[in-house]
Amino acid sequence: MGTDHDDRTAALPDREITPEQADGPVDLETAIARQVRRYRIAAGLSVAEMAARVGISKAMLSKIENANTSCSLTTLGRLATGLNVPVTALFRGVDTEREAVYVPAGHGAQIIRRGSRVGHLYELLGALRGPHKRMEAVLVTLTESSEVFPLFQHPGTELLFMLEGVMLYGHGEAAYTMRPGDALQLDGEGAHGPQELIELPVRFLSVTAYGDHGGD
């Protein structure tokens, strides 16, 4: 009984800083060990009680909580069910590097595209590299010096969100009057682009999703 009591109450998790935040990213077995122990203690269960609930031996659960063994998918599923958490919760803190792009207001890199020579300003707000480049966000600004430009075509799906001004935007045979707050989602393979600049300046956000193929 004394051993079970110690298992249930020892090393209570910090309420503000989780183990994975305190110690940094870890390998898969260690991450699972930490999460299983953390959720078990939070549920008020001893090792023996948790093992009985999950249907594994106490020795096996101890090995899991000490990162001395790798869990099968079946065991992971049982642990998650027994702890009443999604399976993904047991992987938190795994040492996997994830890329992010932060662009402060007004600091997006100016990029050159076909429309640049007729006064279209393109400010890149972010695009991941390599196989993770599945989306590209660009802030487009059209002013008095801008001209209506021939239509664009590219892979992927594009979402336009109007921020300022009014323009007539064409896609295929259709044309849409875009005002602040309006959104237009379109197939990038179809010819598209501004047809008439009605109220300047025009500013809109263009987000292109490339799926699994990436951008050019």
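Any value given below was found using the heavy atoms of this structure, including those in side chains, with hydrogens, waters and symmetry copies removed. For reference, positions follow the sequence shown, starting with 1. All values derive from a computational prediction rather than experimental measurement.
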- Message: Between R53 (side chain only) and G82 (backbone N and O only), is there a donor and an acceptor less than 3.5 Å apart?
- Response: yes

- Query: Does N66 use its side chain to pair, donor to acceptor, with the backbone of K63 at less than 3.5 Å?
  - Reply: no

- Message: Assess whether a salt bridge exists between R40 and E65, defined as any Lys/Arg side-chain N lying under 4.0 Å from an Asp/Glu carboxylate O.
- Response: yes

- Message: Does the plane of the ring in H192 sit parallel, tilted or perpendicular to the ring in H171? Use 30° and 60° as the thresholds.
- Response: tilted

- Classify the ring geometry between Y122 and F152 as parallel (under 30°), tilted (30 to 60°) or perpendicular (over 60°). perpendicular

- Message: If you compare all heavy atoms of A31 against all heavy atoms of R92, which two are closest, and at what distance to 0.1 Å?
- Response: CB-O, 3.7 Å

- Item | Under 3.5 Å: donor-acceptor pair, side chain of T81, backbone of G77 | yes

- Message: Less than 4.5 Å apart, side chain to side chain, heavy atoms only: is that true for L121 and V140?
- Response: no

- Query: Without hydrogens or angle criteria, can the side chains of T208 and E136 be said to hold a donor-acceptor pair below 3.5 Å?
  - Reply: no

- Note on the structure: Here the pair of heavy atoms bringing L90 nearest to L79 is CD1-CB, 4.1 Å

- Kindly indicate, with the supporting measurements, whether the criterion side chain to side chain contact (heavy atoms under 4.5 Å, CB included) is fulfilled by L76 and F91. CA-CA 10 Å; L76 282 173; F91 299 136; 3.9 Å; yes

- Query: Under 4.5 Å between any side-chain heavy atoms of L160 and V207, yes or no?
  - Reply: no

- Task: Search all heavy atoms of S70 against all heavy atoms of E29 and return the closest pair with its distance.
- Result: OG-OE2, 2.9 Å

- Closest approach of E164 to P201 (non-hydrogen atoms, all atoms of both residues): OE2-CG, 3.4 Å

- Message: Hydrophobic clustering (ILVMFWY, side-chain heavy atoms < 4.5 Å, transitive) - are I198 and V202 grouped together?
- Response: no

- Please assess V166 against T177 for the test side chain to side chain contact (heavy atoms under 4.5 Å, CB included), listing each intermediate value before the final yes or no. CA-CA 7 Å; V166 181; T177 300; 4.0 Å; yes

- Message: Before you tell me yes or no, could you show the steps for S206 and E158 under side chain to side chain donor-acceptor pair (under 3.5 Å), namely the whole-Å CA-CA distance, both residues' side-chain angles and the distance that decides it to 0.1 Å?
- Response: CA-CA 7 Å; S206 167; E158 185 173 355; 2.5 Å; yes

- Message: Determine whether Y169 and L184 satisfy the following criterion, side chain to side chain contact (heavy atoms under 4.5 Å, CB included), listing intermediate values before the conclusion.
- Response: CA-CA 9 Å; Y169 198 91; L184 176 63; 3.8 Å; yes

- Roughly how far apart are L61 CG and L45 CG, rounded to 0.5 Å? 10.0 Å

- Query: With a 4.5 Å heavy-atom cut-off, do M50 and L83 have their side chains touching?
  - Reply: yes

- Going from CZ on R203 to CZ on F161, what distance comes out if it is rounded to the nearest 0.5 angstrom? 11.5 Å

- Query: Is T141 close to T143 at the side-chain level, that is, under 4.5 Å between some pair of heavy atoms?
  - Reply: yes

- Item | Value rounded to 0.5 Å, distance of CD1 in I41 from OG in S46 | 11.0 Å

- Query: If you measure from CG on L125 to CG on L139, what distance do you get to the nearest 0.5 Å?
  - Reply: 5.5 Å

- Note on the structure: In this structure, CD1 of I64 is separated from CD of Q35 (nearest 0.5 Å) by 14.0 Å

- Message: Could you report the tightest heavy-atom contact between A175 and Q195, atom names first, then the distance?
- Response: CB-OE1, 3.6 Å

- Item | Common cluster, Y39/V87, ILVMFWY with side-chain heavy-atom separation under 4.5 Å | yes

- Task: Please report the shortest heavy-atom distance between P180 and G165, naming the atom on each side.
- Result: CD-O, 3.2 Å

- Task: Could you tell me the separation between the CG atom of D182 and the CE atom of M167, rounded to the nearest 0.5 Å?
- Result: 9.5 Å

